[in-house]
There are 2 protein chains.
Amino acid sequence: MLTRKQLELLEFIHKNMQTDGVPPSFDEMKVALSLRSKSGIHRLITALEERGFIRRMAHRARAIEIVRLPESLGGEPGPGFRPRVIEGDRPNAPRPANSDPITIHATEVPLMGRIAAGVPIEAISHVTSQVAVPGQMVSGAGEHYALEVKGDSMIDAGINDGDVVVIRETQVAQNGDIVVALIEDQEATLKRFLRKGSSIALEAANPAYETRVYPEGKVRIQGRLVGLIRTY
Amino acid sequence: MLTRKQLELLEFIHKNMQTDGVPPSFDEMKVALSLRSKSGIHRLITALEERGFIRRMAHRARAIEIVRLPESLGGEPGPGFRPRVIEGDRPNAPRPANSDPITIHATEVPLMGRIAAGVPIEAISHVTSQVAVPGQMVSGAGEHYALEVKGDSMIDAGINDGDVVVIRETQVAQNGDIVVALIEDQEATLKRFLRKGSSIALEAANPAYETRVYPEGKVRIQGRLVGLIRTY
DNA sequence: TGCGCAATGTTGACCAGAAAGCAATTGGAA
DNA sequence: TTCCAATTGCTTTCTGGTCAACATTGCGCA
């Protein structure tokens with residue numbers, strides 16, 4: 001599955017994680033493989049990702065994670081590794097009867113009901129079902145849940161009626177974040193968050209809706225938008 | 001199940017992986033089996049893949065993986081063997097190490113590169129990685145794949161730059177469907193499909209882009225949009 | 001014995017990927 | 001803003017994989 005160079009790099013990353021605790025930077029890898037340019041490393045990394053040995057986040061320093069090791073290295077990936085085996089049915093790609101379940105990097109989050117993106121309709125209620133989401137969407141810390149969007153007030157942000165949004169639970173938000181906000185402990189709504197002095201503006205992404213401004217105490221952030229899933 | 005030659009090749013690949021850590025190239029296999037041509041190897045490899053003994057990626061150097069070995073070679077491919085094990089932990093919800101696999105209704109589809117939603121950029125290329133998608137998105141028949149959207153021409157349809165779209169392979173489309181269309185066998189683009197008599201209009205969802213009309217023969221539908229995944 | 005057929009062997013052309021380098025740009029973080 | 005890491009574009013060289021066409025071998029069977 002891997003070429004010599006790819007294997008060499010994977011070994012190096014693995015060793016580095018064991019000794020240093022962190023993945024190496026591109027420059028460190030460059031030195032380790034005696035290259036003069038990082039772009040070579042970049043390509044090897046891409047190849048490793050494509051082959052499913054590592055996972056990474058773009059544009060993040062040292063954001064590499066070893067997902068599996070080739071048999072020849074025969075070891076477990078890093079400590080704390082808990083593979084979550086997900087039985088994925090893969091339509092039209094019949095697996096040989098004897099093969100193991102295919103493992104997919106995904107997670108399931110609870111669908112907690114609907115959220116208004118126009119006039120607030122109803123507060124977050126109970127779990128209605130589970131939705132699978134790609135793993136990278138919920139990476140990092142925090143609890144996550146999903147909501148179905150009702151209304152068209154966020155349409156200019158590419159959030160349509162019927163979309164499912166994935167929310168990370170948090171009490172804080174930065175200017176410009178799209179958040180789930182609970183207004184006066186009553187109504188939950190999905191809006192863009194803007195702090196203006198001591199008040200908070202909740203701005204729709206649709207000129208037909210007015211921005212509403214509340215004093216700080218009236219609004220509680222419940223979560224921040226981290227993903228969106230739409231099925232046609 | 002296997003012919004003599006196929007078994008011989010499989011044995012060689014296995015030995016090679018054990019000693020070198022990497023699968024042999026076609027040329028190395030050619031030498032090992034005393035052949036004068038790689039194409040014989042190509043056929044044997046194809047046969048082994050068909051019979052489920054190996055897995056591979058087309059057009060990739062040394063991209064062979066042994067999935068199982070015939071009983072005559074002693075069963076298991078080796079300790080530590082784990083097909084496609086990919087991390088999928090749920091942050092803050094650790095499970096006991098010995099827990100059973102959790103079944104999630106999800107599927108993985110190959111990410112095939114980028115697609116222009118503005119001016120066509122590049123045709124669909126090769127697999128860059130895999131993305132997990134909710135099961136219901138790819139239900140029904142057909143092969144599926146994912147593309148990363150470049151450009152803003154579908155922005156009024158809620159498809160933004162950087163979104164990942166999930167495509168079901170098909171050669172036909174209905175009026176109003178959003179499709180991946182290959183224009184003059186050259187450029188792939190994501191547009192709304194509209195048939196007007198014997199010509200086909202590919203319409204952007206952004207007033208800044210013109211609708212382009214082609215004679216029927218110039219446009220080939222490659223797939224239909226069935227889902228969208230966005231990570232913030 | 002000779003036919004059909006599948007597996008195998010060979011050649012050679014062709015194209016794509018792997019690897020490497022340098023330069024320029026973008027993105028994130030301090 | 002400044003720094004550093006990561007990404008991307010482009011080029012070159014070499015290795016590796018694909019494919020079509022055709023020849024050969026060996027086996028089962030009428």
Side-chain angles (χ1 to χ4, degrees), chain A residues 1-10 12-13 16 20 22-51 53-65 139-140 174 176, chain B residues 1-10 12-13 16 20-51 53-65 112-114 116 121-129 148 150-151 161-162 185 231-232:
Chain A
M1 203 61 165
L2 294 179
T3 67
R4 260 185 200 81
K5 278 289 171 189
Q6 291 161 8
L7 181 67
E8 200 182 327
L9 180 60
L10 186 59
F12 173 71
I13 296 173
N16 209 90
D20 286 18
V22 294
S25 73
F26 273 49
D27 263 311
E28 290 163 359
M29 294 188 264
K30 183 191 79 183
V31 172
L33 299 212
S34 314
L35 296 191
R36 251 171 282 188
S37 160
K38 283 177 292 186
S39 67
I41 296 294
H42 188 262
R43 268 176 298 243
L44 289 173
I45 290 286
T46 307
L48 283 175
E49 186 181 17
E50 184 181 305
R51 287 164 176 71
F53 287 85
I54 62 174
R55 225 163 35 86
R56 56 200 297 264
M57 301 172 69
H59 296 289
R60 289 289 187 291
R62 297 169 192 263
I64 300 173
E65 188 179 14
S139 64
Q174 300 207 303
Chain B
M1 194 67 164
L2 293 179
T3 67
R4 215 169 245 97
K5 277 290 170 187
Q6 290 162 6
L7 180 67
E8 198 182 329
L9 180 60
L10 187 58
F12 173 70
I13 296 172
N16 208 90
D20 283 18
V22 295
S25 73
F26 275 48
D27 263 311
E28 290 163 0
M29 294 188 264
K30 181 189 79 183
V31 172
L33 299 212
S34 313
L35 297 190
R36 249 171 278 192
S37 158
K38 288 179 289 185
S39 61
I41 298 294
H42 189 263
R43 250 180 318 210
L44 290 174
I45 289 287
T46 308
L48 282 175
E49 188 180 16
E50 234 174 53
R51 287 163 177 71
F53 287 86
I54 62 174
R55 226 161 33 89
R56 58 195 300 262
M57 302 173 68
H59 297 287
R60 288 290 185 287
R62 298 169 191 263
I64 301 172
E65 192 175 15
M112 305 291 283
R114 303 201 276 196
I121 312 178
E122 53 178 323
I124 295 169
S125 47
H126 51 282
V127 178
T128 55
S129 61
E148 188 189 339
K150 277 288 140 197
D161 190 23
D185 285 335
T231 303
Y232 286 87

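Convention: sequence-line order gives letters A, B, ...; per-chain numbering from 1. In this text, all values refer to a predicted model and were calculated from it rather than measured experimentally.
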Could you state the CG-P distance from B:D27 to D:dT18, rounded to the nearest angstrom?
13 Å
Check the distance between D:dG17's P and B:I54's CD1 and give it to me in whole angstrom.
12 Å
Which nucleotide in the set D:dG17, D:dA6, C:dA18 lies at the smallest distance from any side-chain heavy atom of A:K38?
D:dA6
Check the phosphate of C:dA18 against A:R43, side-chain N and O only, distance under 4.0 Å to OP1 or OP2. Yes or no?
no
Distance test, side-chain N/O of B:H59 to OP1/OP2 of D:dG17, below 4.0 Å:
no
Between B:R60 and D:dT18, is there a side-chain N or O to OP1/OP2 distance below 4.0 Å?
no
Taking only side-chain N and O atoms of A:H42, does any of them lie within less than 4.0 angstrom of OP1 or OP2 on D:dT7?
yes
Looking only at the side chain of A:A61 (C-beta and beyond, no hydrogens), which of the listed nucleotides D:dG16, D:dA6, C:dA18 gets closest?
D:dA6
Name the closest nucleotide to the B:A58 side chain, picking from D:dA6, C:dC22, D:dT18.
D:dT18
OP1 or OP2 of C:dG21 versus the side-chain N and O atoms of A:K30: is any pair under 4.0 Å?
no
Give a yes/no on whether any side-chain N or O of B:S39 is located under 4.0 angstrom from OP1 or OP2 of C:dG12.
no
From C:dA18, D:dG17, C:dT8, pick the nucleotide closest to the side chain of A:Q6?
C:dA18
State whether the distance check finds a donor on one side and an acceptor on the other, under 3.5 Å, for side chain A:S25 versus base D:dC4.
no
Could you check how far CE of B:M57 sits from P of C:dG17, rounded to whole Å?
10 Å
Respond yes when some side-chain nitrogen or oxygen of B:R56 is under 4.0 Å from OP1 or OP2 of D:dT18, and no when none is.
yes
